[in-house]
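Remarks on the structure that follows.
Being a predicted model, the structure only gives us computed values, none of them experimental.
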Amino acid sequence: MEIYFAGSIRGGRDDAALYRRLIDELGRYGTVLTEHIADPDLAEHDTSDQEIYAQDIDWLERADIVVAEVTTPSLGVGYEIARAETLGKPILCLFRPAAGRRLSAMVAGAPGPAVVAYETVEEAAAAIGNAIAAIDRAG
Ligand code: 6K6
């Protein structure tokens, strides 16, 4: 299984350590195409925005599931969720209400993504397991 994990980059890196734990969890089920999202040293580099976009769209098209951590608002993550919805991909959005934010209505109200509220990594892991089991059942 190929898994696309989406998390905030230019939207803010406060949750980068959490992304690491979620990517580790996802790695139990297959290949995470976007491991770099958890890199604490992720920095602007020579890759152009056009190259980043092209690579990420290619990975999105390949992915069997898109898992997005949506607590830190990110234009890029919102864009990826919308694109994944158009592509008909299974989408799991993980959101932490305890962070004191409200999720955008454009994600919370969209028909495609399953939005799961969680507090602990264990709860997120259970939601990931359920989402992947549903894909396996669908064959
Ligand atoms: C590196 C350091 C700062 O900006 C970068 C750019 N590098 C990126 N490399 C790969 N994917 C990216 C990059 N920037 C954004 N993305 C994609 O958009 C990722 O797949 C994330 O899920 C999402 C984050 O969007 P923003 O709007 O928070 O940057």
Side-chain angles (χ1 to χ4, degrees):
M1 175 167 291
E2 293 189 303
I3 301 163
Y4 191 102
F5 178 80
S8 174
I9 295 180
R10 292 184 189 162
R13 296 294 287 160
D14 288 358
D15 289 334
L18 175 61
Y19 302 159
R20 171 81 271 147
R21 297 187 65 188
L22 296 176
I23 287 171
D24 287 348
E25 186 60 33
L26 290 166
R28 297 174 51 199
Y29 300 98
T31 302
V32 181
L33 299 167
T34 53
E35 278 269 351
H36 52 273
I37 305 279
D39 182 352
D41 302 320
L42 188 67
E44 299 288 345
H45 45 74
D46 288 343
T47 314
S48 71
D49 287 354
Q50 287 77 11
E51 287 169 318
I52 291 167
Y53 175 88
Q55 174 64 263
D56 284 351
I57 294 296
D58 187 53
W59 278 331
L60 260 182
E61 288 173 349
R62 270 172 51 183
D64 299 300
I65 183 171
V66 174
V67 177
E69 214 298 343
V70 294
T71 309
T72 296
S74 154
L75 285 171
V77 173
Y79 184 97
E80 289 166 339
I81 291 167
R83 179 61 72 96
E85 189 172 39
T86 302
L87 289 167
K89 304 287 179 181
I91 308 165
L92 172 64
C93 290
L94 297 168
F95 178 68
R96 296 190 327 284
R101 296 185 188 273
R102 284 195 70 189
L103 182 58
S104 168
M106 292 305 288
V107 173
V115 179
V116 172
Y118 75 103
E119 282 184 31
T120 65
V121 172
E122 289 70 27
E123 288 170 354
I128 287 167
N130 289 340
I132 288 176
I135 294 171
D136 287 342
R137 275 198 303 277

Give a yes or no on whether the backbone of Val70 and the side-chain of Ser74 come within a donor-acceptor separation of less than 3.5 Å.
no

Give the cluster check for Phe5 versus Leu60: same hydrophobic cluster or not, with ILVMFWY residues linked at side-chain heavy-atom distances below 4.5 Å.
no

Mind checking the CH2-OG1 spacing from Trp59 to Thr31? Nearest 0.5 Å is all I need.
12.0 Å

Quick check: closest heavy atoms across Arg96 and Glu119, and the distance to 0.1 Å?
CD-O, 4.3 Å

Contact between Ile57 and Glu61 at the side-chain level, heavy atoms closer than 4.5 Å - yes or no?
yes

Who pairs with Tyr4 by ring pair (Phe, Tyr, Trp, His ring centres under 6.0 Å), at least two apart in sequence or on another chain?
none

Do Asp15 and Thr72 pair up side chain to side chain, a donor and an acceptor below 3.5 Å, judged on atom types alone?
yes

Can you tell me how far apart CD1 (Ile52) and NE2 (His36) are? Round to the nearest 0.5 Å.
8.5 Å

Got Arg28 and Ile128 here, is their nearest side-chain heavy-atom distance under 4.5 Å?
no

How about Leu22 and Val67: do any of their side-chain heavy atoms sit closer than 4.5 Å?
no

Could you state whether Ile23 and Leu92 fall into the same hydrophobic cluster, counting links through intermediate Ile, Leu, Val, Met, Phe, Trp or Tyr residues with side-chain heavy atoms under 4.5 angstrom apart?
yes

Nearest heavy-atom contact between Leu94 and Ala124 is CD1-CB, 4.3 Å

Can you tell whether the side chains of Glu25 and Arg20 come within less than 4.0 Å, N to carboxylate O?
no

Would you kindly confirm whether Ile37 and Val66 end up in one hydrophobic cluster when ILVMFWY residues are joined by side chain heavy atoms under 4.5 Å apart?
no

For the residue pair Asp136 and Met1, establish whether any side-chain heavy-atom pair is separated by less than 4.5 Å.
yes

Which residues satisfy the salt bridge (charged side-chain N to carboxylate O under 4.0 Å, His left out) test with Asp56, sequence neighbours excluded?
none

For Pro73 and Ser8, which heavy atoms make the closest approach, and how far apart are they?
O-OG, 4.2 Å

Rounded to the nearest 0.5 angstrom, the CG-CD1 distance for Leu26 and Ile65 is 8.0 Å

Phe95: which of Thr71, Val116, Val107 passes side chain to side chain contact (heavy atoms under 4.5 Å, CB included):
Thr71

Check for me, please, whether Tyr118 and Tyr19 land in the same ILVMFWY cluster - side-chain distances under 4.5 Å, paths through other members count.
yes

For the CD1 atom of Ile81 and the CE atom of Met106, what is their distance to the nearest 0.5 Å?
11.5 Å

Is the shortest heavy-atom distance from the side chain of Glu69 to the side chain of Leu18 under 4.5 Å?
yes

Quick one: closest heavy-atom pair of Val32 and Gly27, and the distance?
CG2-N, 3.9 Å

For Ile91 and Glu85, work out which heavy atoms get closest and say how close.
CD1-N, 3.5 Å

What do you reckon, is CD of Glu2 surrounded by more than 12 foreign heavy atoms closer than 6.0 Å?
yes

Verify the cluster assignment for Ile132 and Leu33: are they in a single hydrophobic cluster under the rule of side-chain heavy atoms below 4.5 Å apart?
no

Find out whether Arg83 and Lys89 are in side-chain contact, i.e. whether some heavy atom of one side chain is under 4.5 Å from a heavy atom of the other.
no

